[in-house]
Visitor: 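Take a look at the following structure, please.
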Amino acid sequence: MRVLVLGGDGFCGWPTSLGLSNAGYDITIVDNLSRRKIDIELECESLTPIQPISTRLKVWKEVSGKDIKFINLDVARQYHKLYTLIRELKPEAIVHFAEQRAAPYSMKSPFHKRYTVDNNINATHNVLCAIAESGLDVHLVHLGTMGVYGYGTAGMAIPEGYLNVKVDCGNGELKDLEILYPANPGSVYHLTKTQDALMFYYYNKNDGIRITDLHQGVVWGTNTPETMMDEKLINRFDYDGDYGTVLNRFLMQAAIGHPLTVHGTGGQTRAFIHIRDTVKCIRIAIENPPQKGDRVQIFNQTTETHTVRDLAELVSRISGAEIRYYKNPRKEAPENKLTVINERFLRLGLNPITLEKGLLSEVMDIAKKYKSRCDKSKIICKSIWTKDIEVDVEGSVTPINQSETVHEIQG
Ligand code: NAD
Ligand code: USQ
């Protein structure tokens, strides 16, 4: 089966491409290497020494005997090249990772807000438009985010994309409706993902494109069985204040003896998934495509939820690291409850990797191995959501008085 992986040089895309290639899929990666250019802009590299894409592909061929093709193409800007590629390759599935994915990066300045919107929305629209134009029956698998829902509910678990509601027709009659779960983005990056969802709805309705949208939680971990086959295949590990995600950051901070950087009270509950489960979920999604005529299939791609505070306490318990509380650079609820339905992947055979399963120390070991590559000045999050928020580089060692700030998000 031919699969085109857009954004296949990135943190999720690279191990997914290797995992699918190893399983016998014929993989072509498209990437404009913009993430590597952002490393140069931010003057901060992956903690792990990632190799140039040509070396990655050469080593993969040596260790697996399998070819992965690579095309350097900007999905957001080079529409005709993308369209021609789809027409010629005739992929059965396209996996779309090719977006700017960091919320803090998307909030740094008007330039970064506009870049994120231009890149992400044009990329998604170009893919949809090219599939429709090609006349081919391609299954599009997109990486969305849990953040499209916001992180609070009226008290129920977040469903997989669609919500059953009753509407008052005005004459006392109540009608049942099924709607897309109301979007509630928390950053310009998350805003682009909510726009993607509307584009999927439209192109599915108008052109009959078969689409699976995976609403993924925060990814942790770094290696997969394939990226461990040779050190030159190693996956990226972002630790900086813009691209590093919370659990990997805490594990890396513990490994280098930096205090764990909890924002606010740490009462923010988020959904999590290990990178190995990301790879498994994408394969499951490809192997269980929607039928022609089906609406957009939405899966919550997440395996557990935790508060940031609980994660900090867990990492501190296993490592002895100090926990430090920083003024939150983001505009987000200081405390929230989050329960998520993830039955669809479980029903299709996913056996989740949870925090208990011992992979925390594996991540810390990787961080220890490459700690000489860490630039400590890049650790603190300096991207603020609005001008009235101050950057806090010192933090406080005592937990913020939670009773003053706790409130639950309503509806
Ligand atoms: P990443 O930045 O490591 O990878 C994205 C890749 O896409 C990069 O290699 C980049 O160069 C490429 N790219 C970006 N814009 C492009 C364009 N216009 N044309 C061609 N290539 C382009 O990000 P990631 O962590 O691998 O995330 C992949 C996807 O998964 C994103 O869409 C993200 O929103 C989603 N996601 C990630 C996480 C996470 O925790 N990492 C969680 C939920 C969802
Ligand atoms: N946080 C800290 N300390 C830190 C870093 C983060 O307390 O040092 C807090 C943040 O304030 C936030 C939470 O941890 O409340 C999560 O932050 P994050 O940077 O780990 O994740 P987020 O910005 O939500 O984005 C990541 C990915 C994004 C993906 C999203 C999934 O970068 O691509 O879409 O996770 S989700 O959060 O479920 O929407």
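Below, each value reflects all heavy atoms present in this structure, side chains not excepted, and no hydrogens, waters or symmetry copies. Start at 1 and go down the list; that is how both ligands and their atoms are numbered. By convention here, the first residue in the shown sequence is residue 1.
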Visitor: Looking at Lys280 and Asp277, is any side-chain nitrogen of the basic one under 4.0 Å from a carboxylate oxygen of the acidic one?
Guide: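 Salt bridge between Asp277 and Lys280, a charged N being under 4.0 Å from a carboxylate O: yes.
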Visitor: Considering the heavy atoms of Leu33, write down every atom of ligand 1 situated less than 4.0 Å from one of them.
Guide: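 The list of qualifying atoms is 11 (O).
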Visitor: My question is simple, although I want it checked carefully: is atom 36 (S) of ligand 2 less than 4.0 angstrom from any protein heavy atom?
Guide: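 So atom 36 (S) of ligand 2 has protein heavy-atom neighbours under 4.0 Å.
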Visitor: Any heavy atom of Tyr189 sitting closer than 4.0 Å to ligand 2?
Guide: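 Yes, Tyr189 has a heavy atom closer than 4.0 Å to ligand 2.
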Visitor: Does some non-hydrogen atom of Tyr151 fall short of 4.0 Å from ligand 2?
Guide: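 Heavy atoms of Tyr151 do come under 4.0 Å of ligand 2.
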Visitor: Using a 4.0 Å cut-off to any heavy atom of Gln216, which atoms of ligand 2 qualify?
Guide: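 Answer for ligand 2: 31 (C), 38 (O).
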Visitor: Yes or no: does His190 have any heavy atom under 4.0 Å from an atom of ligand 2?
Guide: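 The answer is yes, since His190 has a heavy atom less than 4.0 Å from ligand 2.
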Visitor: At the 4.0 Å heavy-atom cut-off, does His215 count as touching ligand 2?
Guide: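 Heavy atoms of His215 never come under 4.0 Å of ligand 2.
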Visitor: Out of Phe11, Phe97, Tyr189, Trp14, indicate the one that has the non-hydrogen atom closest to atom 34 (O) of ligand 1.
Guide: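 The nearest heavy atom belongs to Tyr189.
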Visitor: Test of understanding: given a 4.0 Å heavy-atom threshold, classify the contact between Gln268 and ligand 2 as side chain, backbone, both, or neither.
Guide: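 Gln268 to ligand 2: side-chain contact only, backbone stays beyond 4.0 Å.
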Visitor: So, regarding Thr245 and ligand 2 (criterion: nitrogen or oxygen to nitrogen or oxygen, under 3.5 Å), is there a contact or not?
Guide: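 Not met; the criterion fails.
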Visitor: Tell me which part of Asn119 gets within contact of ligand 1: side chain, backbone, both or neither, using heavy atoms under 4.0 Å.
Guide: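 Within the 4.0 Å criterion, Asn119 contacts ligand 1 through side-chain atoms alone.
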Visitor: Within 45° of the six-membered ring axis of Tyr25 and under 6.0 Å from that ring's centre, is NZ or CZ of Arg2 located there?
Guide: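 No, cation not above the ring by the 6.0 Å, 45° rule.
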Visitor: Which option out of Gln216, Arg101, Arg236 puts a heavy atom nearest to atom 43 (C) of ligand 1?
Guide: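 Answer by nearest heavy atom: Gln216.
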Visitor: As an exercise, identify every atom of ligand 2 less than 4.0 angstrom from a heavy atom of Gly217.
Guide: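 Result: 31 (C), 38 (O).
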Visitor: Answer yes when Asp39 and Arg236 have at least one side-chain N-carboxylate O distance shorter than 4.0 Å, and no when they do not.
Guide: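 Answer for the salt bridge query: yes.
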Visitor: Under 4.0 Å between a side-chain nitrogen and a carboxylate oxygen: does that hold for Lys232 and Glu62?
Guide: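 Salt bridge: no.
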Visitor: Just to confirm my output: which protein heavy-atom neighbour is closest to atom 11 (O) of ligand 1, and how far is it?
Guide: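 Residue, atom and distance for the closest contact: Asp31 OD1, 2.6 Å.
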Visitor: In plain terms, say whether Arg87 and Glu133 are close enough for a salt bridge, that is, a side-chain N and a carboxylate O under 4.0 Å apart.
Guide: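 Salt bridge: no.
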Visitor: Taking N or O atoms only and a 3.5 Å limit, does Arg35 qualify as a polar contact for ligand 1?
Guide: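 For ligand 1, there is an N or O atom that lies under 3.5 Å from one belonging to Arg35.
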Visitor: Do Asn126 and Tyr83 have side-chain N/O donor and acceptor atoms under 3.5 Å apart?
Guide: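 Note: Asn126 and Tyr83 side chains miss the donor-acceptor criterion.
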Visitor: Is the distance between the ring centroids of Tyr149 and His215 under 6.0 Å?
Guide: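 Yes - the distance between ring centres of His215 and Tyr149 falls below the 6.0 Å cut-off.
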Visitor: Against heavy atoms of Met146, which atoms of ligand 2 measure under 4.0 Å?
Guide: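 Listed by number with element: 38 (O), 39 (O).
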Visitor: Identify, by atom number and element, the atoms of ligand 2 in contact range of Ala103, meaning under 4.0 Å from any of its heavy atoms.
Guide: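 What qualifies from ligand 2 is 23 (O).
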Visitor: Is Arg295 salt-bridged to Glu178, cutoff N-O under 4.0 Å?
Guide: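 Yes, this pair counts.
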Visitor: Looking only at the aromatic ring of each residue, does the gap between the centers of His263 and Tyr325 stay below 6.0 angstrom?
Guide: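 Ring centroids of Tyr325 and His263 are no less than 6.0 Å from each other.
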Visitor: Would you mind listing which atoms of ligand 2 come within a distance below 4.0 Å of any non-hydrogen atom of Thr261?
Guide: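 The list of qualifying atoms is 2 (C), 3 (N), 4 (C), 7 (O), 8 (O).
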Visitor: Can you tell whether the side chains of Arg283 and Glu287 come within less than 4.0 Å, N to carboxylate O?
Guide: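 Salt bridge: yes.
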Visitor: Just to be sure I read this right, does ligand 1 sit under 4.0 Å from the backbone of Arg36, its side chain, both, or neither, counting only heavy atoms?
Guide: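 It is neither; nothing of Arg36 touches ligand 1.
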Visitor: What are the atoms of ligand 1, with element, lying closer than 4.0 Å to any heavy atom of Lys193?
Guide: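 Near Lys193, meaning under 4.0 Å from one of its heavy atoms, ligand 1 has 31 (C), 32 (O), 33 (C), 34 (O).
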Visitor: Heavy atom to atom 21 (O) of ligand 2, shortest distance: which of Thr302, Val262, Val218 holds it?
Guide: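 Ranked by closest heavy atom to atom 21 (O) of ligand 2, first place is Val218.
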Visitor: Is the terminal nitrogen or CZ of Arg56 (NZ for Lys, CZ for Arg) located under 6.0 angstrom from the six-membered ring centre of Trp14 and within 45° of that ring's axis?
Guide: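 Yes, Arg56 and Trp14 form such a contact.
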Visitor: Look at atom 26 (O) of ligand 1 and say which protein heavy atom is nearest, naming residue and atom and giving the distance to 0.1 Å.
Guide: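 Protein heavy atom at minimum distance: Cys12 N, 2.7 Å.
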Visitor: Determine, considering heavy atoms only, which of Glu332, Glu99, Arg249, Arg330 sits nearest to atom 19 (O) of ligand 2.
Guide: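 The residue whose heavy atom sits nearest atom 19 (O) of ligand 2 is Arg330.
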Visitor: Tell me whether Gly147 has any N or O atom under 3.5 angstrom from an N or O of ligand 2.
Guide: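 So ligand 2 has an N or O lying under 3.5 Å from an N or O of Gly147.
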Visitor: Can you list the atoms of ligand 1 that are under 4.0 Å from a heavy atom of Ala76?
Guide: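 Taking each heavy atom of Ala76 in turn, ligand 1 has 18 (N) under 4.0 Å.
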Visitor: Going by the order shown, which atoms of ligand 2 are within less than 4.0 Å of some heavy atom of Arg270?
Guide: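 Those of ligand 2 that fall under 4.0 Å from Arg270 are 15 (O).
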Visitor: Would you call Arg324 and Glu322 a salt bridge, taking side-chain N to carboxylate O under 4.0 Å as the test?
Guide: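 Looking at Arg324 and Glu322, the cut-off is met.
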Visitor: Indicate, as side chain, backbone, both or neither, the part of Leu73 found under 4.0 angstrom from ligand 1 when only non-hydrogen atoms are considered.
Guide: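 Just the backbone.
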Visitor: With a 4.0 Å cut-off, would you call Asp137 and Lys292 a salt bridge?
Guide: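 Yes, this pair counts.
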Visitor: Out of Ile379, Ile273, Val308, Leu338, who is nearest to atom 13 (C) of ligand 2 when you count heavy atoms only?
Guide: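 The residue whose heavy atom sits nearest atom 13 (C) of ligand 2 is Val308.
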Visitor: Quick test of your reading of the structure: of Thr145, Asp242, Val148, whose heavy atom lies closest to atom 31 (C) of ligand 2?
Guide: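 Result: the heavy atom closest to atom 31 (C) of ligand 2 is in Thr145.
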Visitor: Could you tell me whether Arg249 and Asp238 make a salt bridge, using a distance below 4.0 angstrom between a side-chain N and a carboxylate O?
Guide: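 Judged by the 4.0 Å cut-off on N to carboxylate O distance, Arg249 and Asp238 do not form a salt bridge.
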Visitor: Minimum heavy-atom separation for Lys369 to Glu231, with atom names?
Guide: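 Shortest heavy-atom separation between Lys369 and Glu231 comes out as NZ-OE2, 3.8 Å.
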Visitor: So does Lys382 pair up with Glu390, basic N to acidic O under 4.0 Å?
Guide: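 No salt bridge links Lys382 with Glu390.
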Visitor: Tell me, please, which residues at least two apart from Tyr243 pass ring-ring contact (aromatic ring centres under 6.0 Å, His included).
Guide: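 Result, ring-ring contact (aromatic ring centres under 6.0 Å, His included) vs Tyr243: Tyr105.
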Visitor: Any nitrogen or oxygen of Val246, main chain or side chain, under 3.5 Å from a nitrogen or oxygen of ligand 2?
Guide: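 Yes, Val246 has an N/O under 3.5 Å of an N/O on ligand 2.
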